[in-house]
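Comments concern the structure below.
Naming convention: chains lettered A, B, ... in sequence-line order (proteins, then strands); numbering from 1 in each chain.
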There are 2 protein chains.
Amino acid sequence: MDNKKIEKISRALSDTNRIAILQQFKKRKDCLYCAEVNDLLDLTQPSVSHHLKQLVDADLLLPQKEGRNLKYVLNQEVLDEYIASLNDLKS
Amino acid sequence: MDNKKIEKISRALSDTNRIAILQQFKKRKDCLYCAEVNDLLDLTQPSVSHHLKQLVDADLLLPQKEGRNLKYVLNQEVLDEYIASLNDLKS
DNA sequence: TTTGAATATTTAAATGTTTCGATGTTTCGT
DNA sequence: ACGAAACATCGAAACATTTAAATATTCAAA
């Protein structure tokens, strides 16, 4: 994983709202609906949409349309690659 | 590690200059001098000082004064805690 | 003890991020 | 087809970050 990608993922993770979103994947089943995120965060719908976009743009979340609903899945592979890059910093 | 701490470390990692600093620890011995970082990055001294401060404030780097020089050591424990928090996101 | 080298701080400009209200788009029910 | 629900986008305000020039601090060495 190159440094630009590490930067992008780190930036996506640098907000407690987005961290809270990612943590919901453990509590619920393995997918999360957009509407559930709106309930979770104390923010307006456009703000939530913005945060989800950051996570999707960083490839941490994979969006799947289901009619007019939107379902997200955690991209474990990218998360693992990111973690591997961090582990690689250690000597 | 609480979410505020994860946010802070993520933000410290969300810049390619700071990522490059951390990567130098593998290439050199296990410590890095401030002056070496000035040579490494194509930035003015105050900018480098700013980036090093971000890493120190996030506890990723431990500063040690040596006369008028400043030596940094990578804080592997905090890095490990951060990685553990990320691993914890996985289901 | 003065000088100079190494690092930090301050200030300010440019740019990026977060948030919300308003509005737009898509798609499901009726 | 129409209205409403779910989500996205736009525009703007508030705030944070990045960077450099100027200046300050700290400390070793002469």
Looking at the side chain of Asn17(B), which of dA4(D), dT19(D), dA8(C) is the nearest nucleotide? dT19(D)
Taking only side-chain N and O atoms of Lys65(B), does any of them lie within less than 4.0 angstrom of OP1 or OP2 on dC27(D)? yes
Roughly, in whole Å, what's the span from CG in Leu61(A) to P in dA8(D)? 12 Å
Side-chain N or O of Arg68(A) less than 4.0 angstrom from OP1 or OP2 on dT25(C)? no
Pairwise distance CZ(Arg11(A)) to CD1(Ile9(A)) - rounded to 0.5 angstrom: 13.0 Å
Would Asp59(A) and Lys8(A) pass as an ion pair if we require N to O under 4.0 Å? no
Between dT18(D) (C1') and Leu41(B) (CG): distance, integer Å: 13 Å
Could you pick out which residue, Gly67(A) or Asp42(A), lies toward the 5' side of DNA chain C when each is mapped onto its nearest nucleotide? Asp42(A)
Ion pair Asp80(B)/Lys90(A), N-O distance below 4.0 Å: yes
Just how far, in rounded Å, is C1' of dT26(D) from CG of Asn69(B)? 12 Å
Please state whether the phosphate of dT19(C), meaning OP1 or OP2, lies under 4.0 angstrom from any side-chain nitrogen or oxygen of Ser47(A). no
Which value, rounded to the nearest 0.5 Å, describes the distance between Leu74(B) atom CG and Phe25(B) atom CZ? 5.5 Å
When all nucleic acid strands are considered with a 4.0 Å heavy-atom cut-off, which category describes Leu52(B): base, sugar-phosphate, or nothing? nothing
Polar pair under 3.5 Å, donor/acceptor by atom type, side chain Gln45(B), base dA8(C): yes
Base, sugar-phosphate, or nothing for His51(B), non-hydrogen atoms under 4.0 angstrom? sugar-phosphate
Using every non-hydrogen atom in the two residues, find where Asp15(B) and Glu7(A) come nearest and quote the distance to one decimal. CA-OE2, 3.4 Å
Tell me the interatomic distance from Lys53(B), atom NZ, to dA16(D), atom P, rounded to whole angstroms. 15 Å
Expressed in angstrom and rounded to an integer, what is the separation of Asp57(B) atom CG from dA16(D) atom P? 15 Å
Spacing of Leu70(A) atom CG relative to dT25(C) atom P, expressed in whole Å: 18 Å
Go through dT9(C), dA8(D), dT7(C) for me and flag the one nearest to the Asn38(B) side chain. dT7(C)
Of dT19(C), dA21(D), dA6(D), the nucleotide closest to the side chain of Thr44(B) is dA21(D)
Nearest whole Å is fine: how far is dT19(D) P from Gln54(B) CD? 10 Å
Presence of Ser49(A) side-chain N/O under 4.0 Å of dA8(D) phosphate oxygens OP1/OP2: yes
Glu7(A) CD to dT17(D) C1', straight-line distance once rounded to whole Å: 12 Å
As a test of reading the structure: which of dT19(C), dG21(C), dA20(D) is closest to the side chain of Pro46(A), going by heavy atoms? dG21(C)
